[in-house]
Amino acid sequence: MAGFDDPAFYGERWAGVYDEHYAGLDPQLAVEFLAARAGSGRVLELAVGTGRVALPLAGRGIRVEGVDASAAMVERLRAKPGGASIPVTIGDMAEVPADGPFQLVYLVFNTLFALPSQDRQAECFRNVARVLGPGGVFVIE
C-alpha cells in the first residue's frame with residue numbers, strides 16, 4: 001500500500017479518529033508494567049501519538065519524552081491535560097531522534113510493525129541501544 005514507507009503516513013491518516021478507535025483498549029496494564037521499570041530516570045516513548053500511555057506515566061511523576069512522525073498526532077496530545085508538558089520530537093522512530101541517556105525506551109501496542117521491514121526494525125533497535133543509559137531497558141509489546 002502506498003505511503004507505508006513514509007513515517008508520518010499512519011498518524012496523518014488516523015489522528016482525527018485514533019482516540020475514539022482505540023477507546024476500548026485500556027492502557028493501564030502497560031502503564032503499570034512500564035512504571036515499574038522506569039525508576040527515577042528519563043523515559044522515551046517511540047510513536048508517542050496522542051499520549052495514551054505517556055500521559056498516565058507522566059501523571060505518576062515519571063519524566064516522559066516522546067518521538068512521533070506525525071505532527072497531527074502530537075497536536076492531539078498537546079490538546080490534552082498535561083500533554084503540553086511532554087517534550088516530543090517530530091521524527092522517524094527508527095532513527096530515535098532524541099538525546100539520551102534514557103532509563104527506559106518503549107514501543108507498545110504493536111507499533112513496531114509501523115516499521116514495515118526487518119531492516120527498519122533493526123535500525124530502530126540499534127538507535128535505541130545508542131540512547132539507553134547503563135542498565136537501561138527497551139520494552140517492545
Side-chain angles (χ1 to χ4, degrees), residues 1-133 135-141:
M1 173 181 244
F4 279 107
D5 57 342
D6 175 3
F9 176 79
Y10 179 87
E12 299 305 323
R13 295 183 65 91
W14 279 88
V17 297
Y18 182 85
D19 288 332
E20 294 79 18
H21 186 76
Y22 291 105
L25 294 177
D26 185 356
Q28 190 57 37
L29 289 176
V31 169
E32 294 292 331
F33 182 86
L34 295 168
R37 282 142 189 86
S40 60
R42 292 167 60 214
V43 172
L44 179 66
E45 180 173 355
L46 301 177
V48 69
T50 65
R52 191 161 53 114
V53 176
L55 287 169
L57 280 174
R60 293 170 174 237
I62 296 170
R63 294 180 297 161
V64 180
E65 299 176 33
V67 170
D68 205 282
S70 170
M73 292 289 266
V74 175
E75 184 178 320
R76 293 284 189 156
L77 165 67
R78 297 274 179 252
K80 295 178 180 180
S85 66
I86 296 177
V88 177
T89 300
I90 301 296
D92 182 346
M93 72 176 174
E95 296 173 5
V96 189
D99 293 324
F102 292 97
Q103 173 58 36
L104 169 66
V105 178
Y106 64 93
L107 184 58
V108 293
F109 296 111
N110 295 314
T111 307
L112 175 64
F113 299 111
L115 299 172
S117 73
Q118 184 177 18
D119 288 341
R120 296 278 290 140
Q121 293 170 6
E123 177 184 3
C124 178
F125 297 173
R126 280 190 301 276
N127 285 315
V128 166
R130 176 182 51 77
V131 300
L132 279 175
V137 178
F138 181 30
V139 173
I140 304 169
E141 182 270 341

What pair of heavy atoms forms the shortest contact from [X] to [Y], and how long is it?
X      : Y      : answer
Pro116 : Ala114 : CD-O, 3.1 Å
Pro97  : Thr89  : O-CG2, 3.3 Å
Gly133 : Pro101 : CA-CB, 3.6 Å
Pro56  : Gly51  : CD-O, 3.7 Å
Ala38  : Val43  : CB-CG2, 3.6 Å
Leu57  : Tyr106 : CD1-OH, 3.4 Å

Can you find a pair of side-chain heavy atoms, one from [X] and one from [Y], that are under 4.5 Å apart?
X      : Y      : value
Asp92  : Arg120 : yes
Met93  : Thr111 : yes
Val31  : Arg60  : yes
Phe125 : Leu112 : yes
Leu77  : Leu55  : yes

Would the distance check show the side chain of [X] and the main-chain N or O of [Y] forming a donor-acceptor pair, the cut-off being under 3.5 Å?
X      : Y      : result
Arg130 : Val96  : yes
Gln103 : Gly39  : no
Arg63  : Ser40  : yes
Arg78  : Gly83  : yes
Glu141 : Phe109 : yes
Gln121 : Leu115 : yes
Arg37  : Phe33  : yes

Taking atom CZ of Arg42 and atom CG of Asp99, what is their separation to the nearest 0.5 Å?
-> 7.5 Å

Does the distance from a Lys or Arg side-chain N to an Asp or Glu carboxylate O, for Arg126 and Glu123, drop under 4.0 Å?
-> no

If you draw a 6.0 Å radius around CD in Gln28, do more than 12 non-hydrogen atoms from other residues or ligands fall strictly inside?
-> yes

Of Leu29, Val64, Leu104, Ile62, which meets side-chain contact (heavy atoms from CB on, under 4.5 Å) against Leu34?
-> Leu104

